[in-house]
Amino acid sequence: MSSTLLEQTRSNHEEIERLERIIVQDLQTEPSSSKDRLVQGHRVRNMIQSIMRTTEKLVETYEDKDGAREDEIAALGGHTATGINVYSAFYDRLKEIREYHRKYPSGPLVDASADYEALLKVEPVISFSGEEGAGRYLDLHDLYNQYINSKFGERVEYSVYLDVFSQPEKISRKLKFSRQYKKYMEALLEYLVNFFQRTEPLQDLDKMLSKVETDFEEQFADGKVVGWENHGQENEPQPQHSVIDLDYYTTAEELIEVGPEKLKEALGALGLKVGGTLQQRAERLFLTKDTPLEKLDKKHFAKPIVKQNGDAKSTQEPDSGKQIALTEAKVKKLCSLLDETIERTKQNIVKKQALTYEEMEEEREGEEERAEEESDDEEGDFYNPLKLPMGWDGKPIPYWLYKLHGLGQKFECEICGNSVYMGRRAFERHFKEFQHQHGMRCLGIPNTKNFNEITSIEEAKELWKKIQERQGVNKWRPELEEEYEDREGNIYNKKTYSDLQRQGLI
């Protein structure tokens, strides 16, 4: 019976209450991992947005601009064009209800509990790039490329860029009026807003940015915005300084070696014309070495760009500068909100710089496995493919700890009388204990480092035999190692010298 306006109103109120109960039930469940927390936040935000849309419909209904609600209420009371007829209105309504149920005889009965469970199992699609790591890191590589390839940026490493991108006040104000800088800041703001909404879906970002705009208006009017102090003095005549020190040049021909781009930049900084040949540019700039700008002929100065409405370009710069400054303020606010994420991104970049491609792949697979482990339920059904022993908290111990201590491994030593040692550490320690030393002494073998990891009597005897043979080879053999020198200074060992002497050759 959703054909009447009052029935639609009742249905909308019921929908809002139903969504509110589902939100409360969802928030009462503590997420077991960061991924579950993110999914829960987006699910709740979608339901809140649905409530807001339904509320807007109710507001329009209660405002009743077309009078449809008032007419329907009057019709329920029997008010007609001819007067009040309650019975006629009642039977007309009864007829309408019967007609509805005749058309739809088997209307489905909605199970509220089943509807709750279905909504609580919904997993919204949250898209992250591979570099963002499911919202744990920022992916600013595109913006970094814009920064290092621009006039206002510097060629720095990506790890250094993560420190400076949140500090736009360090960039010269003269470079901020370019279209390139404006597009860069807008793209940076758009990415940070999008990333924050994906990672913090329940935060009211619009309210935060609105407060930033309010505070910015007051600070900008008082000239307290960092990097934009004395913004009202931008249009006042200020002494211009050339980017080229003319004291080092004696003729205009020497200035030609600077290059066309440098000359153009220097002329533009002084407000002079930048056109002409390279020779003309150099001569025009060289005039300012001994002649003040006030005494130069007006033909050397560039004409001001005038809009169709008669306003000069300089009058448009304050508004443009204010918009850029507001964008910077919003970027700073978002950077403060994402401070932990930025720091985590720096640490991840520094760690990646020390890894090979294979190690980075293993690291990524490890993160995926850890994410799967975190998403397991709290009843102890943990992801444990290596069958690691459980720790004091009921979870599998870390693999590196298992490897270090050799937990769960058994070692048997025949030299110690077939004693069994549990764990790698206990096995390594027993080589220095009395029982093992006594066993080695009984075999007539010294207990040195050469026999570490040897637990078999036969292996110990074979190794001792090889060591003795090697020591026999290393004994002093004078017939081969004792040296003799003849009259000509030739060096021979004892055996060779004796043979040559007997033959009368030396």
Side-chain angles (χ1 to χ4, degrees), residues 31-42 45 126-148 150 152-171 184-209 211-212 215-216 225-227 327-357 359-375 398 400:
S32 58
S33 66
S34 58
K35 181 181 177 181
D36 292 341
R37 182 190 65 81
L38 203 59
V39 170
Q40 184 190 67
H42 279 272
R45 188 181 71 171
I126 312 169
S127 59
F128 288 105
S129 66
E131 191 69 22
E132 289 174 336
R136 299 181 68 242
Y137 313 114
L138 292 172
D139 184 7
L140 298 172
H141 286 85
D142 291 341
L143 295 162
Y144 164 70
N145 290 330
Q146 294 182 30
Y147 178 82
I148 63 175
S150 64
F152 58 84
E154 300 177 358
R155 289 194 170 274
V156 295
E157 296 290 336
Y158 183 63
S159 56
V160 179
Y161 172 74
L162 293 173
D163 289 323
V164 301
F165 86 94
S166 60
Q167 302 170 355
E169 68 275 4
K170 293 186 177 181
I171 299 175
Y184 164 76
M185 290 303 299
E186 289 175 352
L188 178 59
L189 177 62
E190 182 182 0
Y191 173 78
L192 293 177
V193 167
N194 181 265
F195 182 85
F196 187 82
Q197 289 176 342
R198 284 181 292 158
T199 55
E200 299 293 340
L202 297 182
Q203 294 285 347
D204 191 355
L205 184 59
D206 293 336
K207 184 177 180 181
M208 296 179 186
L209 294 181
K211 187 176 185 304
V212 170
D215 297 341
F216 170 80
V225 179
V226 179
T327 305
E328 291 180 354
K330 292 180 179 179
V331 168
K332 289 181 183 178
K333 177 62 176 179
L334 286 165
C335 289
S336 64
L337 295 174
L338 297 170
D339 184 47
E340 294 182 2
T341 306
I342 295 173
E343 189 62 32
R344 195 160 51 238
T345 305
K346 294 177 191 176
Q347 297 174 1
N348 184 51
I349 292 299
V350 172
K351 182 176 70 173
K352 278 188 175 181
Q353 289 175 346
L355 299 177
T356 63
Y357 175 77
E359 290 173 337
M360 284 190 286
E361 288 294 321
E362 292 178 1
E363 182 73 16
R364 187 174 62 184
E365 292 175 0
E367 289 181 357
E368 293 177 356
E369 290 180 0
R370 285 195 295 271
E372 292 178 1
E373 292 176 8
E374 289 180 355
S375 61
W400 64 267

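Remember, it's a predicted structure, so these values are computed and weren't measured experimentally.
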Distance col, row F216:CZ vs T327:OG1, nearest 0.5 angstrom, shows 8.5 Å
Quick check: do L338 and L192 have side-chain heavy atoms less than 4.5 Å from each other? yes
With a 4.5 Å cut-off on side-chain heavy atoms, are E169 and E328 touching? no
Look up atom CE in M185 and atom CD in E190, then write down how far apart they are to the nearest 0.5 Å. 13.0 Å
May I ask you to decide if V156's main-chain N or O and Y144's side chain share a donor-acceptor pair within less than 3.5 Å? yes
Looking at K333, I want to see if its NZ is surrounded by more than 12 non-hydrogen atoms of other residues, nucleotides or ligands under 6.0 Å. no
For R45 and L202 the tightest heavy-atom approach is N-CD2, 4.0 Å
A187 and L143 have their tightest heavy-atom pair at CB-CD2, 3.7 Å
Rounded to the nearest 0.5 Å, what's the gap from CG on L205 to NZ on K207? Could you check? 12.5 Å
Between S159 and V350, is there a donor-acceptor pair closer than 3.5 Å when you use the side chain of the first and the backbone of the second? no
Drop me the distance from Y158's OH to I349's CD1, to the nearest 0.5 angstrom. 5.5 Å
Per side chain to side chain contact (heavy atoms under 4.5 Å, CB included), C335 is matched among L188, I342, L138 by I342
Might you confirm whether atom CD of Q167 has over 12 heavy atoms from other residues, nucleotides or ligands at distances under 6.0 Å? yes
Can you give me the closest heavy-atom contact between Q203 and M208, atom names plus distance? OE1-CE, 3.2 Å
More than 12 heavy atoms from other groups under 6.0 Å of CD on E186: yes
Flag if over 12 foreign heavy atoms under 6.0 Å of CG, D142: no
What distance do R198 atom CZ and N194 atom CG have between them, rounded to the nearest 0.5 Å? 4.5 Å
So, taking the atom named CG in N348 and the one named OH in Y137, what distance separates them when rounded to the nearest 0.5 Å? 4.0 Å
Report the relative orientation of the aromatic rings in Y161 and Y147; use parallel for angles under 30°, tilted for 30 to 60°, perpendicular for over 60°. tilted
